[in-house]
Number of protein chains: 2
Amino acid sequence: MMTSGDVESPFAMPGHDHASCIMTALDGAEAICARRGERLTPLRRRVLELVWRGHSPVGAYDILALLQSERGRVAPPTVYRALEFLCRQGLVHRLDSLQAFIGCGQPGNDGDGRHAAHFLICQDCGTAVEVRDGQLDGAISRLAGRTGFAIADETIELSGLCAACQS
Amino acid sequence: MMTSGDVESPFAMPGHDHASCIMTALDGAEAICARRGERLTPLRRRVLELVWRGHSPVGAYDILALLQSERGRVAPPTVYRALEFLCRQGLVHRLDSLQAFIGCGQPGNDGDGRHAAHFLICQDCGTAVEVRDGQLDGAISRLAGRTGFAIADETIELSGLCAACQS
DNA sequence: TTCATAACGTTATGTTATATCATTATCGAA
DNA sequence: TTCGATAATGATATAACATAACGTTATGAA
Ligand SMILES: [Zn+2]
Ligand SMILES: [Zn+2]
Ligand SMILES: [Zn+2]
Ligand SMILES: [Zn+2]
């Protein structure tokens, strides 16, 4: 599975045990919600599982189609409400540059809410990896301090080619 | 008018001479397109002018409505094609977090194409300021180098409150 | 049990963006 | 100048993404 220490080669996980990624994500979500007194209902849990189908961002309507294939009539608000809950809990992130969603690999590391997430997105294989970089965080903090700007939300998404896809 | 050296207090321009901002942007766009052999047609020029109505991002359908009010029937592709051209020339940037567009204050500084743009966006007054920060650029470069990632496109948008709006 | 609230279902609509094909403008070559 | 290639625009339709509004059901505490 993918671990949170894989920053040096975040894309290097071909043929990994993805079932383990999913299980870790679901178990972690259960624990986080239990601790917070939030309700990870069957629907929300299933949507989270569908978001975790892989390591590529998934569109809301992709999830909708998957839900419809297993439950019959499902309407967009059903999906958007579940995604909103999952984003609020920091279990899922929205990638604004793609209008799509991806599971968070390090949820709950920032107290009780969501955290700023920074992404590398491969335009070839579609993989998106959440990265944490102290220098980047520092540069952002200093920029904010220098300009007197109070950051509430960060959208940092770097698109390009991962190492494996450059050959 | 706003100059490209205002990085230290990028939001401090209340009551400035915005007509001068617009003129500078249009004149610069003319010069850049002429140099590149690209055609800044009346429509494209007008869309650029409308994007420069202020220092807040403008939605494509806002521009559409403005165009319709002065030309009668105008369809979405007309606006999107003009915006696509202006983005391609680096004269306008799209803010993914807002699904909106804003004029570039420093176009043509990077040879013949668009450049990476980083923004501070005030959630109160709506102003968006394009910033250039060497430390941020450096942190991004090092992150890419360290992970073997080849960046093609950067979406960096920091939302929050500008200094003036925190009181 | 009863009530208040949260979650979900359902219908309708709003918002953003693009595919496709017809028409017109532009510009260089014959 | 006329022709023909290409770029730009017009026009119609539809795709893709997201939310408003309201009714119903589930949940849990008093
Ligand atoms: Zn996996
Ligand atoms: Zn890749
Ligand atoms: Zn101005
Ligand atoms: Zn402000």
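Residue numbering restarts at 1 for every chain, and letters A, B, ... go by the order of the sequence lines.
Between B:Gln68 atom CD and D:dT9 atom C1' the separation is 15 Å, expressed in whole Å. When rounded to the nearest whole Å, the span between CD of B:Glu38 and P of C:dC27 equals 13 Å. In this structure, B:Leu67 atom CG and D:dA11 atom P are separated by 13 Å, rounded to whole Å. Atom CZ in B:Arg46 sits roughly 15 Å away from atom P in D:dT9 (whole-Å rounding). One atom, CZ of B:Arg44, and another, P of D:dA7, lie 11 Å apart when rounded to the nearest Å. Atom CG of B:Asp96 and atom C1' of D:dA16 are 16 Å apart (whole Å).
Remark: side-chain polar atoms of B:Ser56 are paired, donor with acceptor, to backbone N or O of B:Gly126 under 3.5 angstrom. At least one donor-acceptor pair under 3.5 Å links the side chain of B:Arg36 to the backbone N or O of B:Gln89. Panel note: side chain B:Glu130, backbone B:Gln106; no donor-acceptor pair is recorded below 3.5 Å. A donor-acceptor pair under 3.5 Å links the side-chain atoms of A:His18 to the main chain of A:Trp52, judged by distance alone.
The ring of A:His118 has its center no closer than 6.0 angstrom to the ring center of A:His93.
Phosphate contact (OP1/OP2 of D:dT9, side-chain N/O of B:Thr41, threshold under 4.0 Å): present.
No chain of hydrophobic side-chain contacts below 4.5 Å, direct or via other Ile, Leu, Val, Met, Phe, Trp or Tyr residues, connects A:Ile121 to A:Leu161.
There is no side-chain donor-acceptor pair under 3.5 Å between A:Ser97 and B:Asp96.
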Contact list (N/O, under 3.5 angstrom) for nucleotides 14-19 of chain C vs protein:
unit_1 : atom_1 : unit_2  : atom_2 : d
C:dA17 : OP1    : B:Arg94 : NE     : 3.3
C:dA17 : OP1    : B:Arg94 : NH2    : 2.1
C:dA17 : OP2    : B:Tyr80 : OH     : 2.8
C:dA17 : O5'    : B:Tyr80 : OH     : 3.4
C:dA17 : N7     : B:Tyr61 : OH     : 2.5
C:dA17 : N6     : B:Tyr61 : OH     : 3.4

B/S/- contact track for nucleotides 22-30 of chain D, protein heavy atom under 4.0 Å
-----S---
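For residues 65-85 of chain B, every residue pair satisfying the side-chain hydrogen bond (donor to acceptor under 3.5 Å, both in side chains) rule, not counting sequence neighbours, is listed here: B:Arg46-B:Glu70, B:Glu84-B:Arg88.
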